[in-house]
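By convention in this document, chain letters (A, B, ...) are assigned in the order of the sequence lines, proteins followed by strands, and residues within each chain are numbered from 1. Values reported hereafter were calculated over all heavy atoms of this structure, with side chains retained and with hydrogens, waters and symmetry mates removed.
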Amino acid sequence: MTRLAVEGLTIRLPKGADRPHAIEDVTLSVAAGEILCVVGESGSGKSVTASAAMGLLAPGLAIAQGSMTLSGEDLRAKSPEAWRAIRGRRIAMVFQEPMTALNPLMTVGRQIGEMWRVHMGLDAREAERRALAALRGVNLPDPEGALRAFPHELSGGQRQRVMIAMALALEPEVLICDEPTTALDVTTQAQVLALIKELQRRHGTAVMFITHDFGVVAEIADRVAVMRLGRVVEEGTAREVLTAPQHEYTRALLRAVPALAPPVPRALSPDPVLEIRGLTKTYVSRGLFRRRKPVRALDAVSVTLRRGATLAVVGESGSGKSTLARCVVGLLGSEGGEIRIDGAPLPTRRRDAARLVQMVFQDPYASLNPRRRAGAQVAQGPIAAGTPRAQALRDARALFAMVGLDPEAVNRYPHEFSGGQRQRIGIARALAMKPTVLVADEPVSALDVSVQAQVLALLRELQDRLGLSILFITHDLRVAAQLSDEVAVMRNGVVEEAGPIGEVFAAPRSDYTRSLIAAIPGRAMFAG
Amino acid sequence: MRALKAYLRSPAALIGSVILLAVLVMGLGAAWFYPNDPLGLAGRPLQWPGQNPRFPLGTDPSGRDIAAQIVHGARISLLIGFVATSIAVVIGIAIGSLSGFYGGVVDTVLMRVTEAFQTLPNFLLLLVLVAVFGSTIHTVTIAIGIVSWPPVARLTRAEFMTLRTRDFVQASRVQGLGDAHLILREVLPNALPPVIVYASVVMAVAILLESALAFLQLSDPNVPSWGNLIGLGRNVLRSEWYVSAIPGLAILLTILGVSLVGQGLNDALNPRLASGR
């Protein structure tokens, strides 16, 4: 039985956009007990399709033609009041960014409980009991603590699990998931995917699942629709689309999915360039009312990066991998242990440390100053270190060329670049200081698969050319496999396992590593 | 560029700009419109507007031309507005940015100072300053600037606190750039838009504060300010109310102009907030 049907839907973009329509003539349907994956890269119109089905089109967008029905009822004719009754109860949505979807001033428990209190009139006590059960159901590590926590006190992954618990609370007919697992760890992602599948089977929910990740598609989809620039270019059962793609674009996307095959081992220099010994860092929540215990983000962490090699630090959210990265570049201090670069301890003076270690940040949109020219941001480090201004700007142009950008683009502002190009600027900025060690903190996790592949290829090429030593922080084992020589697996601030990446992947010693590998979505499909 | 376009598209901003421009022309052209001393005796006191064609807006209790005082007063009011606002914004940004950027002890100390200023009612503090340092136009302007900075500091501090942890600031830190660069080049340009918008409020309040002082005859009596004129009209308020009403209207229009420009700036600089209107 068809639950949600979209027919010939065309949505107009406001004047002055890069194209006239956000989506054009899109026809999709989801039946009860079915999972439809809508796949596409950024700008494909997949999220607009989802928000149209929720009656939540952004201002400026308007439906030009087409129809939408929920179990046979015309959705386009619904008043705002009627929509309110539908949303949450009959169509629920899990958003991409959980922090903005949660009320920062309410405890998680009250927010989830509100679903039952408002829609079903249950009392506070019963609502809290159900909220606790819901949080258990989405595998939060400390459900009782989470119940009393405020959204900002949870990690991104934990917040998204709370969102999913809320969306599933009233067991809706249709569940729309807009990249719900993109921000999650692999093991959590596997659990959440399993959870969505289980609920969908149990209650016959129709699920429309928006994603850019073909691994996730292979895990969960019954049917797949591939979107590109606002149109559905290919639709079919998961098996058909994944094994025998008809459209050239689908084939290109599938090719860009990184395989989980570690690269051929290279001869590594025995010479360590970055040594971290017994590094310890604790976060203490200050204030009068401490609800949570101090968190040990790094617990006697010891890893070594060899000269000219790449060490991947892999871990889930809260494993301490980003804390490690920030300690290494000197953004965070530590309580114990030491960081040595080229045998000498990391200098505490910012300017001295800058010459030894540089960082590429995760979010290419947040890591560039929107009000300054791209070239100036690349050149400013060397200028501060004493390079003459003209020389530094010349170098910036050369660096732009080196990372595959037009050297003339130094005069442009960040908003004139795409995400992938911005990340190239971030890399150029780091390389401008000619660092001994490059720390890359999830440099590709905010990018589309095809762009991801390009940026990884660039990093690899730069490493070969400049002999870079890279500390590569990632949550994605497939990405780690693309680039790394060695890997350290972290969990709760402790290094669980370390060694050459081929060995660790082929014969993991720790159970945790095994579970991480097992959780990679679409592993069977994209074994490589 | 985009902000300028958005600004020109807002009717509020256009009306405000026209009013402010008119006041500005009045102030700048004062010497040309009324070359004689506006505080000099011109005719019989307390002539109603229109009574004598030589004095279109009438004369005040001392027999001075009200129209001349209004035109010359525009210069004084704008001057007080701009200078006092600049003082308040500079002090506010300096304190707010240091406080927000460094946090910790620096923040605690600077914010206690700010609160000390804020807990005193603005106007009382202004009266004290004028009583202590005298009431020349310079001291009055500086005193208004000094009592107006705390909200600017708080606003700047709040912006700095969210911006200082952004990745692009961290990236510059990793590049080895000093705190001065981080504050002035990275954070401040991004923190400015709301502060600029708020500056228009400060300016309106500064003009009002001066008139309030003048109403109590505590402002500089040797300059032809609108406030002074209102103060002069106080004694004849019930019979010759126009003496106070005309400069009052001038103040009202100017402040309206400043506020409309402020709103236009707000719409232009924070386009996401404006779309909801």
- Message: With side chain to side chain contact (heavy atoms under 4.5 Å, CB included) as the criterion, how do A/Leu399 and A/Leu405 come out once you've worked through the C-alpha distance, each side chain's angles and the decisive distance to 0.1 Å?
- Response: CA-CA 8 Å; A/Leu399 281 164; A/Leu405 292 170; over 6 Å; no

- Message: Set out, in order, the CA-CA distance, both residues' side-chain angles and the distance that settles side chain to side chain contact (heavy atoms under 4.5 Å, CB included) for B/Ile93 and B/Trp149, then state yes or no.
- Response: CA-CA 8 Å; B/Ile93 286 181; B/Trp149 64 264; over 6 Å; no

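The heavy-atom pair separating A/Leu346 from A/Ala353 by the smallest distance is CD1-CB, 4.3 Å. Looking at every heavy atom in both residues, B/Ala206 comes nearest to B/Ile80 through O-CG2, 4.3 Å. The heavy-atom pair separating B/Pro151 from B/Tyr198 by the smallest distance is CB-OH, 3.2 Å. Residues B/Gly27 and B/Arg75 approach most closely at O-NE, 3.3 Å, considering heavy atoms. Taking every heavy atom of both residues into account, A/Phe150 and A/Pro104 meet most closely at CD2-O, 3.7 Å. Counting all heavy atoms, side chain and backbone alike, B/Leu253 lies closest to B/Ile19 at O-CG2, 3.4 Å.
Within 6.0 Å of atom CZ in A/Arg372, more than 12 heavy atoms from other residues, nucleotides or ligands are found, so the atom counts as buried in its surroundings.
With values rounded to the nearest 0.5 angstrom, A/Glu153 atom CD is found 10.5 Å from A/Arg159 atom CZ. How far OG of A/Ser334 is from CG of A/Leu324: 10.5 Å, rounded to the nearest 0.5 Å. In this structure, A/Arg326 CZ and A/Phe361 CZ are separated by 5.5 Å, a value rounded to the nearest 0.5 Å. Taken from CG in B/Leu209 to OG in B/Ser219, the straight-line distance is 11.0 Å, to the nearest 0.5 Å. The CG atom of B/Leu260 sits 4.5 Å away from the CG atom of B/Leu256 when rounded to the nearest 0.5 Å.
Counting heavy-atom pairs under 4.5 Å between each of A/Asn369, A/Val357, A/Asp352 and chain B puts A/Asn369 at the top. Chain B forms the most heavy-atom pairs under 4.5 Å with one residue out of A/Ala384, A/Gly330, A/Ala366, and that residue is A/Ala366. When each of A/Arg351, A/Met359, A/Gln362, A/Arg349 is scored by its heavy-atom pairs under 4.5 Å with chain B, the top score falls to A/Arg351. Ranked by non-hydrogen atom pairs under 4.5 Å with chain B, the options A/Leu331, A/Val329, A/Asp363 are led by A/Leu331.
Contacts with chain A (heavy atom to heavy atom, under 4.5 Å) involve these residues of residues 169-177 of chain B, listed by number: B/Gln170, B/Ala171, B/Ser172, B/Arg173, B/Val174, B/Gln175, B/Gly176, B/Leu177. Residues of residues 94-125 of chain B lying under 4.5 angstrom from chain A, judged on non-hydrogen atoms, do not exist here. Applying a 4.5 Å heavy-atom cutoff, the residues of residues 414-446 of chain A that approach chain B are A/Arg429, A/Met433. The interface of residues 137-148 of chain B with chain A, defined by heavy-atom distances below 4.5 Å, is empty.
There is no contact between A/Ala385 and chain B, counting heavy-atom distances below 4.5 Å. At a 4.5 Å heavy-atom cutoff, A/Val328 makes no contact with chain B through either its backbone or its side chain. Heavy-atom distances place no part of A/Val360 under 4.5 Å from chain B, backbone and side chain included. Only the backbone of A/Leu368 comes within less than 4.5 Å of a heavy atom in chain B; its side chain stays farther off.
B/Glu186 and B/Asn190 form no side-chain donor-acceptor contact under 3.5 Å, judged by distance and modelled atom types alone.
Inter-residue side-chain proximity for A/Arg373 and A/Arg412 is flagged as unmet; no heavy-atom pair is nearer than 4.5 Å. Contact of the B/Ile255 side chain with the B/Ser259 side chain is registered, since non-hydrogen atoms from C-beta on lie closer than 4.5 Å. A/Ile339 has its side chain within reach of A/Cys327: a pair of non-hydrogen atoms, C-beta onward, lies under 4.5 Å apart. Looking only at side-chain heavy atoms (C-beta outward), B/Leu182 and A/Arg350 come within less than 4.5 Å of each other. Here the side chains of B/Leu78 and B/Met203 are in contact, with some heavy-atom distance below 4.5 Å.
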